[in-house]
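Below you'll find the structure, written out as structure tokens, and then a few comments.
Quantities reported herein were computed from a predicted structural model and do not represent experimental measurements. Residue numbers start at 1 and run along the sequence shown.
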Amino acid sequence: MRPWRSRPAFRGALLVPGGIALILGLDAALGLLGLPQLIGPTLGLERLPAVHGPLMVLGFVGTVIALERAVALGLPWGYAAPAVSGLAVLALVSPLPLGVGQGLLVLAQVLTLAVYGRLHARQPAPAVTIEVLGAVMALGAAILWAGGVPVPSLVPWLTGYLVLTIFGERLELARVAVLSPGAGRSATALAILVLAAAALSLLAPDVGHTLTGLALLGVAGWLARRDVARRTVTGAGLPRFVAVSLLAGYAWLAVAGAIWALGGEVVEGPAYDAVLHAVMLGFVLPMIMAHAPVILPAVLRRPLPYHRLMYAPVVLLHASLVLRLAVGDARGLTWAVQVGGVVNIVAVLAFVAVAAWSAVRGTERRA
């Protein structure tokens with residue numbers, strides 16, 4: 001018999017709150033776009049728009065990452081991190097006091113950092129060091145939010161968590177060539193700069209945001225130059241799909257970095273919308289889509305075969321983001337922001353549907 005922690009049903013149950021966070025976060029996005037929400041008002045979830053950012057970053061992405069790292073660790077106590085993260089999601093969207101969800105979110109990040117600590121002790125490589133720094137930024141964001149710091153001021157911390165987690169995992173998953181000592185040191189230095197810039201953004205916002213932008217440009221350039229995707233993009237099948245998604249994501253990360261580097265602090269308006277969604281929709285979600293056929297089977301022990309139909313939602317996501325940022329935000333056209341935002345949501349849900357179809361198809365073929 002398999003240990004309980006390796007059973008697909010158990011791991012799938014831990015992912016459910018992350019899925020809830022994604023669906024409710026997308027519903028909250030409709031409200032933030034000035035459009036009617038479909039789920040929140042029906043269920044009486046009135047504070048969804050107010051918790052949208054932390055719910056998507058620390059709730060959705062945080063739960064998925066915590067589970068994936070717990071599987072990598074392979075120890076029973078590691079699963080406490082995704083379990084508590086899931087409870088935090090449910091508390092954040094429930095009628096419970098906001099502080100309950102925020103406290104659970106802090107605890108979830110503490111547990112995730114402990115998992116990373118054990119992984120780093122097992123393999124003290126630059127990739128894991130960068131992931132540890134990302135976990136530190138997630139914990140910092142959760143503590144600051146619980147302490148009353150408004151979400152717009154936390155965006156460098158939330159962005160840093162996402163960027164460093166993906167940065168480190170790309171070094172792990174793709175085995176970015178064979179890192180020379182100098183390349184490993186430069187990657188670690190960039191990660192430290194991202195963390196230092198986020199801390200500075202609280203003390204000297206304009207300088208800190210500018211430095212964060214420069215750090216993100218550095219990370220995007222490092223990945224674009226050294227990632228194996230530069231070679232696999234000329235291949236076929238899954239490797240090419242992953243490479244196309246990655247390279248497009250690095251371009252969006254550079255866009256976000258340029259906005260901060262040139263504009264300094266932005267906590268509202270079109271520039272804020274542009275930098276936030278260039279990272280979350282342009283960089284993070286395509287990374288999740290690209291790695292889903294690799295990571296989800298390893299976590300859930302269920303096949304998720306690549307199919308070329310997966311290109312459709314990815315292309316739709318990038319095209320709608322161009323409409324939202326380059327037309328809507330850049331020219332102050334509300335209709336373009338709203339249309340682009342709605343199509344963003346459709347693209348994410350379309351990928352979920354394609355992935356579910358591919359997983360069922362793969363299970364039937366294996367049977």
### Query
For the residue pair F241 and Y306, does the interplanar ring angle fall in the parallel (under 30°), tilted (30 to 60°) or perpendicular (over 60°) class?
tilted
### Expected output: side-chain S94 to main-chain A91 donor-acceptor under 3.5 Å
yes
### Task
Measure from the side-chain N and O atoms of T159 to the backbone N and O of P156, and report whether any donor-acceptor pair falls under 3.5 Å.
no
### side-chain contact (heavy atoms from CB on, under 4.5 Å), paired with L200, selected from L195, T212, L211
L211
### Query
How long is the gap from CG on L55 to CG on L48, to the nearest 0.5 Å?
7.0 Å
### Task
Using the side-chain contact (heavy atoms from CB on, under 4.5 Å) rule, pick out the option among L158, V106, L58, L98 that qualifies with W145.
L98
### Task
Mark yes or no: R225 above the aromatic ring of W222, with NZ or CZ under 6.0 Å from the six-membered ring centre and no more than 45 degrees from the axis.
no
### Message
Tell me the closest heavy-atom pair linking P313 and A347, and the distance in Å.
### Response
CB-O, 3.4 Å
### Task
For the pair R170 and E131, find out whether any cationic side-chain nitrogen is under 4.0 Å from an anionic carboxylate oxygen.
no
#### Entry: Residues, nucleotides or ligands: over 12 heavy atoms within 6.0 Å of R47 CZ
yes
### Query
Going by the ring-ring contact (aromatic ring centres under 6.0 Å, His included) test, which pairs reach into residues 255-290, not counting sequence neighbours?
H209-W260
### Task
Keeping to residues at least two apart or across chains, list the side chain to side chain donor-acceptor pair (under 3.5 Å) pairs with something in residues 96-105.
none
### Message
If hydrophobic clusters are built by linking Ile, Leu, Val, Met, Phe, Trp and Tyr wherever their side-chain heavy atoms come under 4.5 Å apart, do I143 and L104 end up in the same one?
### Response
no
### Query
Which value, rounded to the nearest 0.5 Å, describes the distance between M287 atom CE and S245 atom OG?
8.0 Å
